[in-house]
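Numbers for residues simply follow the sequence, beginning at 1. Only this structure's heavy atoms are used, side chains among them; waters, hydrogens and symmetry mates stay out. These figures come from a predicted structure and were not determined experimentally.
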Amino acid sequence: VQMKALGVQPNVYSYDILIQACAEAKQPDAALEWFEIITKEGLTPGSDSYSEVFKAFSKAGDHKRAIAWFNGMLDAGTEPTVDTFATVLEGHARAGDPAAASWCFKQMSKNNMTHPNKRCYSAMLGAFSKQGDTRSTESWLQRMEDAGIAADIFNYNQLLEAYNRAREPAGVAKLLGPLGRMVTSAGLIPNEVSYSLAVRTFAEAGDAAEARAWAQRMSDKGCNAKKLPYDKIVKSFTRAGNADAANEWLNWGLASG
């Protein structure tokens with residue numbers, strides 16, 4: 001309104017900024033109103049316009065309307081950019097919908113519209129890791145590296161998250177141990193998140209000795225043990241009926257501040 005008062009006609013980019021603000025505020029209806037103003041002004045919405053409205057629905061938790069919106073974008077003949085696809089994939093991952101994420105990923109290859117980038121692959125890893133689907137997460141990590149995109153510590157931690165959710169301590173040891181893939185093949189240095197996931201996985205498996213050993217490795221590598229989720233670890237041993245381990249971790253948590 002102020003731009004018009006100054007005699008400056010807003011363009012699509014101007015409205016996209018407003019839609020983006022609505023998306024960050026999780027206000028999809030407001031985002032949709034600004035999108036409709038674009039067309040009323042005789043302008044043509046771009047890929048970013050559609051992408052930000054999708055993000056607004058997704059962040060607000062309205063996954064059904066988000067999917068419908070993306071399909072409408074394709075029906076309108078608007079060609080998604082790689083960033084649009086990444087935003088949509090991240091929305092599906094956030095909603096815990098790996099099937100929709102897989103369908104969306106296929107659209108990039110099917111129509112040769114664009115080539116997936118690191119954000120796209122990271123979103124696919126997230127979609128499956130949050131479901132505890134270790135085999136699919138492993139497969140997507142391999143596909144990412146086969147595509148010539150180097151996986152970083154964040155991506156390997158996504159695989160560790162999958163092992164944690166699936167209660168697969170053997171997978172954690174295979175990936176994170178001294179001879180594990182993360183260290184030997186990828187040449188990465190595990191961080192606090194990596195060790196925290198390892199400790200949680202063994203704790204949730206009821207293995208007090210290994211949980212303690214991984215916490216010690218974390219400390220030996222100079223990582224901040226205060227980052228450990230002591231409350232969750234204590235609950236794990238409590239559920240397992242291991243009162244000694246629960247009490248031990250409770251004291252460590254209190255001592256760590």
Side-chain angles (χ1 to χ4, degrees), residues 93-98 101 121-145 150-257:
R94 189 183 301 114
D97 192 346
Y121 281 103
S122 295
M124 293 304 302
L125 284 164
F128 286 100
S129 69
K130 284 180 171 56
Q131 302 302 308
D133 186 340
T134 58
R135 301 294 85 80
S136 294
T137 308
E138 289 170 344
S139 175
W140 277 101
L141 183 63
Q142 188 62 55
R143 286 180 64 173
M144 179 180 184
E145 295 180 333
D152 59 18
I153 191 66
F154 173 78
N155 301 126
Y156 275 88
N157 283 344
Q158 287 178 301
L159 180 52
L160 285 171
E161 181 183 3
Y163 290 136
N164 172 258
R165 289 178 179 270
R167 305 292 188 267
E168 291 187 20
V172 171
K174 183 175 70 173
L175 184 68
L176 192 56
L179 299 178
R181 176 181 174 188
M182 183 186 290
V183 177
T184 59
S185 299
L188 298 171
I189 299 175
N191 60 14
E192 291 167 350
V193 175
S194 313
Y195 286 113
S196 180
L197 284 166
V199 173
R200 280 181 57 192
T201 303
F202 283 100
E204 288 163 5
D207 193 333
E210 278 298 312
R212 190 183 302 112
W214 280 101
Q216 186 61 54
R217 288 191 186 99
M218 179 179 185
S219 180
D220 291 344
K221 295 297 182 180
C223 294
N224 188 358
K226 290 184 179 181
K227 298 291 185 179
L228 283 170
Y230 289 97
D231 56 335
K232 293 181 180 178
I233 295 170
V234 170
K235 287 179 181 178
S236 295
F237 286 122
T238 300
R239 283 195 297 267
N242 191 337
D244 290 340
N247 187 58
E248 181 181 42
W249 279 93
L250 177 61
N251 289 331
W252 284 348
L254 292 173
S256 72

Full working for side-chain contact (heavy atoms from CB on, under 4.5 Å) between L228 and W252: CA-CA 10 Å; L228 283 170; W252 284 348; over 6 Å; no
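In plain terms, the two heavy atoms of A151 and E145 that are nearest each other are CB-OE2, 3.7 Å. When all heavy atoms of A208 and A245 are compared, the pair lying nearest together is CB-CB, 4.0 Å. Closest approach of G132 to A166, counting heavy atoms only: O-CB, 3.4 Å. The shortest heavy-atom contact between V234 and A246 is CG2-O, 3.8 Å. Of all non-hydrogen atoms in F202 and P169, the two that sit nearest each other are CE2-CB, 3.3 Å. Closest approach of G96 to P98, counting heavy atoms only: O-CD, 3.3 Å.
For the residue pair N155/Q158, the side-chain donor-acceptor check at 3.5 Å is satisfied.
Put simply, CD1 on I153 and CG on N191 are 4.5 Å apart, with the number rounded to the nearest 0.5 Å. Between atom OG of residue S122 and atom CE of residue M144 there is a gap of 4.5 Å, rounded to the nearest 0.5 Å. The structure places NZ of K232 at 8.5 Å from CD of E204, a figure rounded to the nearest 0.5 Å. Here S194 contributes atom OG and R217 contributes atom CZ; the two are 13.5 Å apart, rounded to the nearest 0.5 Å. The line from CG of D244 to CZ of F237 is 11.0 Å long, rounded to the nearest 0.5 Å.
Between L160 and V193 there is no side-chain heavy-atom pair separated by less than 4.5 Å. Counting only heavy atoms from C-beta outward, the side chains of R212 and E248 approach each other to under 4.5 Å. At a threshold of 4.5 Å between non-hydrogen side-chain atoms, the residues T201 and E210 do not count as touching. Considering only heavy atoms from C-beta on, N164 stays 4.5 Å or farther from V172 through its side chain. Put simply, the side chain of N157 reaches to within 4.5 Å of the side chain of M182, judged on heavy atoms. Two residues are said to be in side-chain contact when any heavy atoms from C-beta on lie closer than 4.5 Å; P229 and R200 meet this criterion.
For residues 127-140, the pairs satisfying side chain to side chain donor-acceptor pair (under 3.5 Å) are D133-S136, T134-E168, R135-E138, R135-E168, E138-Y163, with sequence neighbours left out.
Ring pair Y195/W214 is tilted by interplanar angle, where 30° to 60° counts as tilted.
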